[in-house]
Amino acid sequence: MPTVVPPALIAAVPLLVGAALILTRLRLAGLRHAYRETEAVLRSVLRLPPASGRVCAIRCPWCFRWVKPRRFDLRRMSCRSCISTLARPGRGGDLCL
């Protein structure tokens with residue numbers, strides 16, 4: 001006798017797999033950045049050429065956040081949010097009277 005699969009299960013399985021992939025990707029993003037930083041340091045020490053491939057993120061030296069290359073200004077060496085705030089941290093919601 002053939003097994004009957006409910007249509008709701010057919011629609012739910014791809015959604016659950018997609019959600020699991022998104023959560024895994026978010027956790028692995030930090031590891032991927034750490035690996036690429038370590039690789040860059042090792043290549044620099046060994047005097048090897050930079051790794052081939054495209055740059056997916058740049059770490060801002062002011063706020064230490066990973067930003068997309070288009071949001072990073074190479075001339076000023078900072079991200080757009082640091083440029084707009086002059087690299088000052090936020091006030092944190094303090095009330096000034």
Side-chain angles (χ1 to χ4, degrees):
M1 187 156 151
T3 308
V4 177
V5 178
L9 184 62
I10 294 172
V13 168
L15 292 174
L16 291 173
V17 170
L21 287 175
I22 288 173
L23 290 175
T24 305
R25 185 175 179 191
L26 291 175
R27 289 185 195 148
L28 293 179
L31 292 174
R32 186 171 53 240
H33 291 313
Y35 170 76
R36 288 186 179 158
E37 276 186 339
T38 308
E39 182 185 14
V41 168
L42 283 175
R43 286 181 168 272
S44 175
V45 167
L46 298 174
R47 304 221 184 262
L48 295 173
S52 61
R54 64 179 197 212
V55 176
C56 63
I58 299 173
R59 193 169 198 166
C60 178
W62 298 101
C63 62
F64 300 107
R65 283 189 298 188
W66 290 99
V67 293
K68 294 184 177 184
R70 68 175 178 263
R71 297 192 52 84
F72 191 81
D73 188 0
L74 287 173
R75 189 181 57 180
R76 296 178 180 150
M77 290 302 291
S78 59
C79 64
R80 286 187 189 170
S81 61
C82 287
I83 291 170
S84 64
T85 60
L86 299 174
R88 290 187 296 248
R91 294 180 181 251
D94 292 342
L95 181 62
C96 271
L97 297 176

| Can you name the closest pair of heavy atoms from Trp66 and Ala57 and give their distance? | CE3-CB, 3.7 Å
| said: Closer than 3.5 angstrom, by distance alone: can the side chain of Arg80 be matched with the main-chain N or O of Arg70 as a donor-acceptor pair? | reply: yes
| said: Give me the atom names and distance for the closest heavy-atom approach of Ser78 to Cys60. | reply: CA-SG, 4.0 Å
All N/O donor-acceptor pairs, side-chain side in residues 38-45, below 3.5 Å, sequence neighbours left out:
| residue | atom | partner | partner atom | Å |
| --- | --- | --- | --- | --- |
| Thr38 | OG1 | Ala34 | O | 2.8 |
| Arg43 | NH1 | Pro49 | O | 2.7 |

| said: Can you list everything that forms a side-chain contact (heavy atoms from CB on, under 4.5 Å) with Pro69? Sequence neighbours excluded, please. | reply: Val55, Ile58
| Nearest-0.5 Å distance, CZ of residue Phe72 to SG of residue Cys82 | 9.0 Å
